Novice: 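The structure under discussion is supplied below as structure tokens; questions concerning it will follow.
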Amino acid sequence: MTSMLSVSIPTVDNVNRQAIAPLQVPERLLLGPGPSNADPAVIAAMNHQPIGHLDPAYLKMMDEVQVLLRYAWQTSNPMTLAVAGTGSAAMEATLANAVEPGDKVLIGVNGYFGDRLVEMAGRYRAEVCTLHKPWGEVFSLSELRSAMTAQHPKILALVQAETSTGARQPLEGVGDLCREFDCLLLLDTVTSLGGVPIFLDEWGVDLAYSCSQKGLSCAPGISPFTMSPRAVEKLRLRPDKVPNWYLDMTLLAKYWGSDRTYHHTAPVNLTFALREALRLLAAEGLEARWQRHQQTAEKLWAGLADLGLTCHVEAAYRLPTLTTVRVPKGVDAKTLMRQLLTEYNIEVGGGLGELAGQVWRIGLMGYNSQPENVDTLLSALKKVLLS
Ligand SMILES: *Cc1c(COP(=O)(O)O)cnc(C)c1O
């Protein structure tokens with residue numbers, strides 16, 4: 001064939017033969033900090049032809065996702081929707097919409113994701129102040145009260161489930177404290193939604209976000225977001241535009257609300273998947289789901305103790321969805337992880353930041369929170385540790 005161009009176009013196979021081979025995806029048991037394995041029913045839901053993002057059938061599905069998300073979070077917030085993007089996009093959405101330049105934002109930092117909140121809040125020109133705790137510990141209500149008294153922030157931001165440490169932040173009383181100081185409460189629920197008890201309204205949480213690929217066992221790329229009427233009011237009163245067009249809730253509310261104005265092309269297949277994941281959660285029931293996660297995690301903790309391994313977090317504050325286990329002396333953390341992956345097809349996570357090389361992170365989230373997975377992991381761990 002004669003080329004229309006005078007230059008020759010390099011073909012892909014000249015560049016990389018592997019890239020034109022048929023797609024191959026290894027089957028893994030994902031027991032790390034996320035993604036977790038998606039429920040097969042969720043994958044089946046995703047595996048449809050797309051439909052239009054303004055198709056009445058799709059709009060109905062969006063409404064159902066909102067209803068199901070409110071249930072999962074235990075909130076009645078009208079402004080509850082799914083952001084197109086991963087958890088970090090929904091995280092950014094909370095800050096982009098809530099932070100006005102110069103607003104004081106107090107952030108509890110006891111792990112990697114607290115630091116990410118600091119980084120993001122700063123980019124939206126918040127006056128950031130932080131409260132620090134060693135990685136693996138949590139903030140007490142009196143520590144939060146002292147910091148609030150000293151700082152008088154407009155927003156207090158906490159991570160309920162610190163995926164980098166495996167610690168669960170207690171929330172009882174924090175919302176009341178925030179109201180006393182006329183402050184909004186922002187909560188990261190990325191590794192808690194669908195696995196750890198959450199009562200957004202009872203706790204007085206004003207802004208929260210999550211992801212699809214952890215406790216909800218969906219594919220990554222679509223992320224729950226919610227704002228209380230108090231937070232919506234702050235947004236309504238802000239004099240400037242939200243400095244992020246894609247995540248501007250004043251625009252997104254018109255698509256998710258009755259106007260149905262086009263904003264962006266929704267990731268429709270991911271919406272199919274998320275709806276199915278949330279439907280499965282509702283069918284199981286929150287209480288049963290939380291209990292399943294707790295029981296599976298306790299089985300893991302007992303099994304780790306039998307192997308002579310130590311959990312990094314005190315039992316009272318341990319997350320059922322993510323466990324950090326200390327790497328024993330003389331063991332190379334990365335070598336063991338590589339062996340689990342290549343010899344047993346099991347993924348676990350390594351330590352982040354301060355805990356790099358010191359812990360492994362074991363996730364038992366959503367569909368993966370099953371006793372058989374604990375048995376599979378413990379037996380593989382035992383063999384690898386003895387080898
Ligand atoms: C995973 C995670 C995020 C980021 O979510 P992505 O889906 O990876 O963008 C934020 N916060 C916490 C606590 C997380 O575990």
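Here the structure is a predicted model, which is why all the values come from computation and not from measurement. All ligand and atom numbering here is 1-based and tracks the order in the structure.
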Novice: Check ligand 1 against Thr163 and write out every atom of the ligand that is under 4.0 Å from a heavy-atom position of the residue.
Specialist: 12 (C), 13 (C), 14 (C), 15 (O)
Novice: How does Glu162 reach ligand 1, by side chain, by backbone, by both or by neither, if only non-hydrogen atoms under 4.0 Å count?
Specialist: neither
Novice: Given the rule in the salt bridge (Lys or Arg N to Asp or Glu O under 4.0 Å) test, do Glu143 and Lys133 qualify, once you have shown the distances and angles that lead to the verdict?
Specialist: CA-CA 10 Å; Glu143 286 165 340; Lys133 220 43 207 280; 2.9 Å; yes
Novice: My understanding is that only residues two or more places apart in sequence, or in another chain, count here; which of them pass salt bridge (Lys or Arg N to Asp or Glu O under 4.0 Å) with Lys299?
Specialist: Asp375
Novice: How close does the nearest protein non-hydrogen atom get to atom 3 (C) of ligand 1, and which residue and atom is it?
Specialist: Phe113 CE2, 3.4 Å
Novice: Between Asn97 (side chain) and Met249 (backbone), is there a donor-acceptor pair under 3.5 Å?
Specialist: yes
Novice: Can you say whether the rings of Trp290 and Phe199 are parallel (under 30°), tilted (30 to 60°) or perpendicular (over 60°)?
Specialist: perpendicular
Novice: Using a strict cut-off of 4.0 Å, indicate which atoms of ligand 1 neighbour a heavy atom of Arg116.
Specialist: 4 (C)
Novice: Donor-acceptor check, side chain of Thr189 to backbone of Tyr209, threshold 3.5 angstrom: yes or no?
Specialist: yes
Novice: Could you work out, with ring pair (Phe, Tyr, Trp, His ring centres under 6.0 Å) as the rule, every residue matching His48, not counting sequence neighbours?
Specialist: none
Novice: Considering only heavy atoms of Ser88, which atoms of ligand 1 have at least one such atom less than 4.0 Å away?
Specialist: 4 (C), 5 (O), 6 (P), 9 (O)
Novice: Taking 4.0 angstrom as the limit and counting only heavy atoms of Gln213, give me the atoms of ligand 1 inside it, by number and element.
Specialist: 6 (P), 7 (O), 8 (O)
Novice: Which of the numbered atoms in ligand 1 are below 4.0 angstrom from a heavy atom of Gly87?
Specialist: 5 (O), 6 (P), 7 (O), 9 (O)
Novice: Is the contact between Ala161 and ligand 1 made by the side chain, the backbone, both, or neither, using heavy atoms and a 4.0 Å cut-off?
Specialist: backbone
